[in-house]
Amino acid sequence: MCGVVGIVSGNPVGQALYDALTVMQHRGQDASGIVTWSGEHGLKQRKSNGLVRDVFRSRHMLRLEGNVGIGHVRYPTAGGSKSSEAQPFYVNSPYGICLAHNGNLTNHDELTELLIRDDRRHLSTNSDSEVLLNVLAHELQMRVNGSPTAKNIFDAIEALHRRCTGGYAVVALIVGFGIVAFRDPNGIRPLVLGEREVRGRKDYVVASESVALDVLQFTRVRDVKPGECIVIENNGSLHCNDYSGTAVHAPCIFEYVYFARPDSILDDLSVYKTRLRMGEQLAGKVVREFPDHDIDVVIPIPDTSCTSALQVAYHLGVKYREGFIKNRYIGRTFIMPGQEERRKSVRRKLNAIDLEFRNKNVLLVDDSIVRGTTSKQIIKLAREAGARKVYFASAAPPVRYPNVYGIDMPAASELIANGRTVGEIQDIIGADRLIYQDLNGLIRSVRHGNSDITEFDTSCFSGEYVTGDVTDEYLHELEERRNDAAKQERATRHDPNSNVVAL
């Protein structure tokens with residue numbers, strides 16, 4: 001999962017891109033990058049591994065000149081955790097194109113072969129984002145004779161959609177022309193359009209989440225439609241083109257469960273309200289499965305589950321307490337590389353307030369249980385703090401299947417719910433009782449505010465993949481390539497001094 005942003009303005013955009021990436025840091029903590037362009041100074045770029053605040057210093061910001069630019073925050077799914085794969089990527093033909101991408105291509109290997117063999121394109125990384133960039137560059141080159149036009153670009157993106165499958169939201173900068181933004185035909189990955197008027201001229205922004213628009217004081221116009229292409233020229237002219245093919249709009253439901261900030265609005269759905277409704281649905285499940293419960297207090301696992309846990313407590317009629325204090329300087333454990341690193345980070349990240357646990361029956365509420373590492377450690381913390389009984393509830397259903405559209409769940413064998421019953425999972429994580437949200441309850445929680453969306457990508461819960469091209473063979477190859485052990489082997493080859501152990 002990554003965050004992307006692109007801005008066309010009448011004023012310098014370097015600081016605005018920085019601010020947008022900062023509020024989307026939760027979408028990726030591995031690498032950050034910004035590219036800007038001006039007619040006088042050309043392209044300026046800064047990208048590297050690390051958080052936004054660490055990658056960009058004052059000296060870098062001063063060099064990021066220009067009124068047009070794109071930015072990216074990354075955590076690795078395809079490819080690896082190397083500075084050479086920090087985005088945006090650049091290719092010099094035609095015109096010079098920079099691209100930032102959120103998502104994952106499911107036909108990455110096939111496209112790579114075709115690009116090298118038939119299109120005569122050179123690839124320097126294993127990233128599917130570089131594949132996307134070269135497909136775009138090739139399709140533009142096939143259609144443009146002279147300066148590009150919006151029509152040329154629309155035709156190129158239509159061709160790209162025919163070639164690429166998977167989940168992707170993209171912003172691209174074409175040197176001397178402007179910015180192009182587009183979304184996969186199923187709208188799996190989010191992308192939002194915003195505008196503001198400054199001294200009679202309209203500035204435009206596209207970003208992964210509406211919270212980026214808020215911090216920049218842009219007005220949210222709408223979501224980029226599935227398969228739609230938006231072109232914003234350097235002079236501020238806006239052009240939009242709907243997707244001509246047919247596809248079902250199926251946004252990723254895990255965005256609402258975990259990834260997106262609660263103050264964001266994605267596909268006309270308030271993330272905050274969806275999480276409130278998840279809590280209501282979960283409370284109903286608790287009552288049905290545990291009608292004679294002896295829960296004394298509901299405690300959330302901060303921060304993503306706080307909204308849902310509040311509603312669970314309210315509907316159960318028990319106290320809500322924040323029993324864990326979070327260290328704000330530790331990253332999100334879900335997107336940390338390696339099981340051992342995730343396990344160690346739980347104790348560095350959370351500390352229990354003993355008085356909220358001592359001699360109480362507590363219900364811990366989390367947004368989801370993926371690998372189970374965090375849940376097991378948190379339950380242990382609660383018992384050490386003196387809890388008499390520790391119940392655990394997940395605001396999402398069991399995560400049983402890999403996600404192939406840009407979330408780091410590629411290996412079924414690493415998912416605690418894969419091939420196990422709820423009782424078996426309960427025993428492994430050490431809970432006295434484990435309660436999961438129903439998938440239908442989750443869908444009702446999210447869809448409630450937008451009846452136009454009839455389907456969601458729920459593949460990690462249901463095993464049903466909306467693009468229709470995901471086979472057992474593909475999933476097996478993906479697991480072999482991107483499980484924790486394989487990632488660690490690549491990281492060790494890249495950094496022979498690494499002392500991280502993969503379990």
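Scope of the values below: all heavy atoms of this structure, side chains included, with no hydrogens, waters or symmetry mates.
With 3.5 Å as the limit, one finds no donor-acceptor pair spanning the side chains of His448 and Glu280. With 3.5 Å as the limit, one finds no donor-acceptor pair spanning the side chains of Tyr243 and Asp184. Gln87 and Ser129 share a donor-acceptor pair across their side chains, judged by distance under 3.5 Å alone. In summary, the side chains of Tyr465 and Thr106 do not present any donor paired with an acceptor at a separation below 3.5 Å, with no hydrogens or angles considered.
Ile295 approaches Val318 most closely through the heavy-atom pair O-CG1, 3.5 Å. Of all non-hydrogen atoms in Ser208 and Cys2, the two that sit nearest each other are OG-O, 4.0 Å. Shown here for Cys460 and Met409, the closest heavy-atom pair between the two residues is CB-SD, 3.9 Å. Between Gly14 and Met61 the shortest heavy-atom distance is O-CE, 3.3 Å.
In this structure, Glu255 contributes its side chain and Leu266 its backbone to no donor-acceptor pair below 3.5 Å. The backbone N or O of Leu269 sits nowhere less than 3.5 Å from a side-chain atom of Asp267 that would complete a donor-acceptor pair. Side chain of Lys285 to main chain of Tyr436: a donor-acceptor pair is present (N/O by atom type, distance under 3.5 Å, no hydrogens or angles). A donor-acceptor pair is defined here as one N or O able to donate and one able to accept, closer than 3.5 Å; such a pair exists between the side chain of Arg196 and the backbone of Leu216. Formation of a donor-acceptor pair under 3.5 Å by the Arg27 side chain with backbone atoms of Phe259 is not found in this model. Checked by atom type and distance alone, the side chain of Arg400 pairs as donor or acceptor with a backbone atom of Arg420 at under 3.5 Å. Proximity of a side-chain donor or acceptor of Arg183 to a complementary backbone N or O of Val224 within less than 3.5 Å is detected. Side-chain N or O atoms of His60 include one that pairs as donor or acceptor with a backbone N or O of Val55 at under 3.5 Å. A distance-only check finds a donor-acceptor pair linking the side chain of Ser210 to the backbone of Ile265 [under 3.5 Å]. The main-chain N or O of Asn361 is found under 3.5 Å from a side-chain atom of Asp296 such that the two form a donor-acceptor pair.
Within 6.0 Å of the NZ atom in Lys360, the count of heavy atoms belonging to other residues, nucleotides or ligands exceeds 12. Atom CZ of Arg388 is surrounded by more than 12 heavy atoms from other residues, nucleotides or ligands within 6.0 Å. The number of heavy atoms from other shown groups lying within 6.0 Å of CD (Glu322) does not exceed 12. The local environment of CZ in Phe290 is crowded, with over 12 non-hydrogen atoms from other residues, nucleotides or ligands closer than 6.0 Å.
Relative orientation of the Tyr256 and Phe456 rings is perpendicular, given thresholds of 30° and 60° on the angle between their planes. Between Tyr258 and Phe254, the angle of the ring planes lies from 30° to 60°, which puts this pair in the tilted group.
Of the inter-residue distances, the one linking Leu282 atom CG with Gln311 atom CD reads 11.0 Å to the nearest 0.5 angstrom. To the nearest 0.5 Å, atom CG of residue Asn104 and atom CG of residue Leu132 are 9.5 Å apart. Distance check: Cys240 SG to Phe182 CZ gives 14.5 Å after rounding to the nearest 0.5 Å. Here the OG-CD1 distance, from Ser375 to Ile369, works out to 4.5 Å after rounding to the nearest 0.5 Å. Between Ser394 atom OG and Leu364 atom CG the span is 12.0 Å, to the nearest 0.5 Å.
One finds a salt bridge joining Arg383 and Asp432 here, because a Lys/Arg side-chain nitrogen approaches an Asp/Glu carboxylate oxygen to under 4.0 Å. Between Asp303 and Arg261, no side-chain nitrogen of the basic residue sits less than 4.0 Å from a carboxylate oxygen of the acidic one, so the salt-bridge criterion is not met.
Ring centroids of Phe357 and Phe324 are separated by less than 6.0 Å, placing the two rings close together.
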